[in-house]
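The figures here come from the full heavy-atom set of this structure, side chains too, leaving out hydrogens, waters and symmetry mates. Computed from a predicted model, the values in this text were never measured in an experiment.
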Amino acid sequence: MRILYVASVSYAGMLPYASSIINAMKHHDVYCVLVNSKYGDYKSSIDQDLLERCYFIDQYNSSILLNLEFVFPFRVSKLIEKVCDIHAISNIHFLTSDNTLSQFIYKRNIKYNFYYTVHDLVQHEEKVSFFLGLKRRIAHQRFSKIRSIVYFLSTNSWAQFSQLKNMYPNKDVRHFKFPTLVTSSIKSGTRILPELVNVDNYILFFGRIEKYKGLDILLDAYCSNIELANKSKLVIAGRGRLDFDQSNDNIIFINRYIYDEEIASLFQNSYCTIYPYRSATQSGVLSLSYYFGKPVIVSNIPFFKENVLEGVTGFSFVNGDSKKLGNAINTLQCSKDMSTIAIKKYYDNLYSQDSLQESLESLYV
């Protein structure tokens, strides 16, 4: 089957997500339409022998043109049709939510066989500006419209798979393995974050700052335990708004975009990584922790429970309970059984390219 992969988003982990899928399928008859932005260039993450089958568009730098393209994505729509015509492609798989293309899907649902990967079935809790909030509400309305149109739906979460099956009993809903977010540029990265020179053995939170990620729970657990704070600094690396006592020298908040080349040193110098999410249908952050052999502490939401071996790759705590989170951190610090080798082995089993390829192939049967 000849397939066109479309990835119109490159921020918030979508670039490594889509790149891992595309690279896993490089020995198949696949082509790609990929949209680069200031947050990421797909050319740096796609395997060299695949580049000749990829078509790239650079996102506009102008905010006015960006907002216009949010409403009228003509360039991407035209390129998709052009590539399909040139290579006689009738199967298109949208990898990165791609909400701006809802009208394209609606108008061409008969012409092509569409496959759509569902990321967040339920909108996350968030505090944003009115304008950004409006854009996100429009985006989620488009997600819903796409799901109602497309017959072939897929997800990386078993919990979300069950929800989709119940919501759309007449559609073909399938599950495939979550791809690793560890790209070649992350693996080879050697850049040290200037904010962390001579800082190591810290507790790490990595990712954009969003309400649903539960950072207030982590801060409460950390700040209420003086002994814990004296043992390890807390590093929060990711852009966003965060309320905390800025006079606390044990908390380091790196409020900016973290580049791929910086991620290796960020994780390698940490003691563990903590993801206190209130909700998440699926997430790739675990792949980064596991690749670098770092144990995790996570809230007991379904997706994390599916991908954490209790006492082997990390510990879980009751969602929203900062006291239980503090206890989990203390347990991890006292644990003698956490093995870097075991964590890396788990990464190899969970995120291998062969198993991802096999899982993806099952979507198109």
Colleague: Under 6.0 Å between the ring centres of Y11 and Y257?
Modeller: no
Colleague: Do the side chain of K171 and the main chain of V150 share a donor and acceptor less than 3.5 angstrom apart?
Modeller: yes
Colleague: Could you tell me whether the side chain of S45 and the main chain of Y42 form a donor-acceptor pair under 3.5 Å?
Modeller: no
Colleague: About how many Å separate CG of L356 and OG1 of T180, when rounded to the nearest 0.5 Å?
Modeller: 9.5 Å
Colleague: Using the test side chain to side chain donor-acceptor pair (under 3.5 Å), find all partners of D321 that sit at least two apart in sequence or belong to another chain.
Modeller: none
Colleague: Roughly how far, to the nearest 0.5 Å, is the CG atom of L332 from the CD1 atom of I297?
Modeller: 4.5 Å
Colleague: Would Q353 and Q357 count as a side chain to side chain donor-acceptor pair (under 3.5 Å) if you check the C-alpha gap in whole Å, the side-chain angles of each, and the deciding distance to 0.1 Å?
Modeller: CA-CA 6 Å; Q353 286 292 82; Q357 177 186 324; over 6 Å; no
Colleague: What closest approach, in Å, do A328 and F317 show between heavy atoms, and which atom pair accounts for it?
Modeller: CB-CB, 4.4 Å
Colleague: For the atom pair CZ (F161) and CG (N166), what is the distance rounded to the nearest 0.5 Å?
Modeller: 10.0 Å
Colleague: Give me the one residue out of Y151, F94, Y364 that meets side chain to side chain contact (heavy atoms under 4.5 Å, CB included) with Y115.
Modeller: Y364
Colleague: R174 vs D172, test: salt bridge (charged side-chain N to carboxylate O under 4.0 Å, His left out). Steps then yes/no.
Modeller: CA-CA 7 Å; R174 303 199 180 190; D172 189 329; 2.8 Å; yes
Colleague: If we count only N and O atoms by modelled type, under 3.5 Å, do the side chains of T183 and S185 hold a donor and an acceptor together?
Modeller: yes
Colleague: Could you tell me whether the side chain of D220 and the main chain of D216 form a donor-acceptor pair under 3.5 Å?
Modeller: no
Colleague: Do Y212 and Y277 make the cut of ring centroids closer than 6.0 angstrom?
Modeller: yes
Colleague: Report yes or no: does T96 contribute a side-chain atom to a donor-acceptor pair with the main-chain N or O of S8 at less than 3.5 Å?
Modeller: yes
Colleague: Check S232 against Q333 and note the closest heavy-atom contact, atom names and distance.
Modeller: OG-NE2, 3.5 Å
Colleague: Before you tell me yes or no, could you show the steps for E81 and K111 under salt bridge (charged side-chain N to carboxylate O under 4.0 Å, His left out), namely the whole-Å CA-CA distance, both residues' side-chain angles and the distance that decides it to 0.1 Å?
Modeller: CA-CA 10 Å; E81 289 211 277; K111 184 176 181 181; 3.0 Å; yes
Colleague: Quick check: does any side chain N or O of N269 sit under 3.5 Å from a backbone N or O of S265, one acting as donor and the other as acceptor?
Modeller: yes
Colleague: If we ignore angles and hydrogens, is there a donor and acceptor under 3.5 Å between the side chains of S362 and S359?
Modeller: no
Colleague: May I ask you to decide if S90's main-chain N or O and R2's side chain share a donor-acceptor pair within less than 3.5 Å?
Modeller: no
Colleague: Atom CD1 of I80 and atom CG of L101: how far apart are they, to the nearest 0.5 Å?
Modeller: 5.0 Å
Colleague: Taking the cut-offs as 6.0 angstrom to the six-membered ring centre and 45 degrees off its axis, would you call R147 and Y106 a cation-pi pair?
Modeller: no
Colleague: For the backbone of L66 and the side chain of Q59, can you confirm whether one donor and one acceptor N or O come within less than 3.5 Å of each other?
Modeller: no
Colleague: How far does CG of N319 sit from OG of S279, to the nearest 0.5 angstrom?
Modeller: 8.0 Å
Colleague: Donor-acceptor check, side chain of S270 to backbone of F267, threshold 3.5 angstrom: yes or no?
Modeller: yes
Colleague: If you measure only the distance, is there a donor-acceptor pair under 3.5 Å linking the side chains of Q160 and H119?
Modeller: no
Colleague: Sequence neighbours left out, what pairs pass side-chain hydrogen bond (donor to acceptor under 3.5 Å, both in side chains) with at least one residue falling in residues 284-301?
Modeller: T273-S289, Y275-S289, Y290-T313
Colleague: Is there a side chain to side chain donor-acceptor pair (under 3.5 Å) between Y116 and H93? Walk through the geometry before answering.
Modeller: CA-CA 6 Å; Y116 183 68; H93 188 164; over 6 Å; no
Colleague: Quick check against the 3.5 Å criterion: does S339 have a side-chain atom that pairs as donor or acceptor with the backbone of I341?
Modeller: yes
Colleague: Among side-chain atoms of T100 and E69, is any donor-acceptor pair under 3.5 angstrom?
Modeller: no
Colleague: Verify, without hydrogens or angle tests, whether S20 (side chain) and Y17 (backbone) share a donor-acceptor contact under 3.5 angstrom.
Modeller: no
Colleague: Hey, could you give me each pair passing side-chain hydrogen bond (donor to acceptor under 3.5 Å, both in side chains) that has a residue in residues 190-202? Not counting sequence neighbours.
Modeller: E195-R256
Colleague: Could you give the distance from CG (N255) to CD1 (I236), rounded to the nearest 0.5 Å?
Modeller: 10.0 Å
Colleague: Please determine whether residues L266 and V199 belong to a single hydrophobic cluster, defined as Ile, Leu, Val, Met, Phe, Trp and Tyr linked transitively by side-chain heavy-atom distances below 4.5 Å.
Modeller: yes
Colleague: Return the orientation label for the H140 and F143 ring planes: parallel under 30°, perpendicular over 60°, tilted otherwise.
Modeller: perpendicular
Colleague: Where do G207 and K213 come nearest, in terms of heavy atoms and distance?
Modeller: C-NZ, 4.0 Å
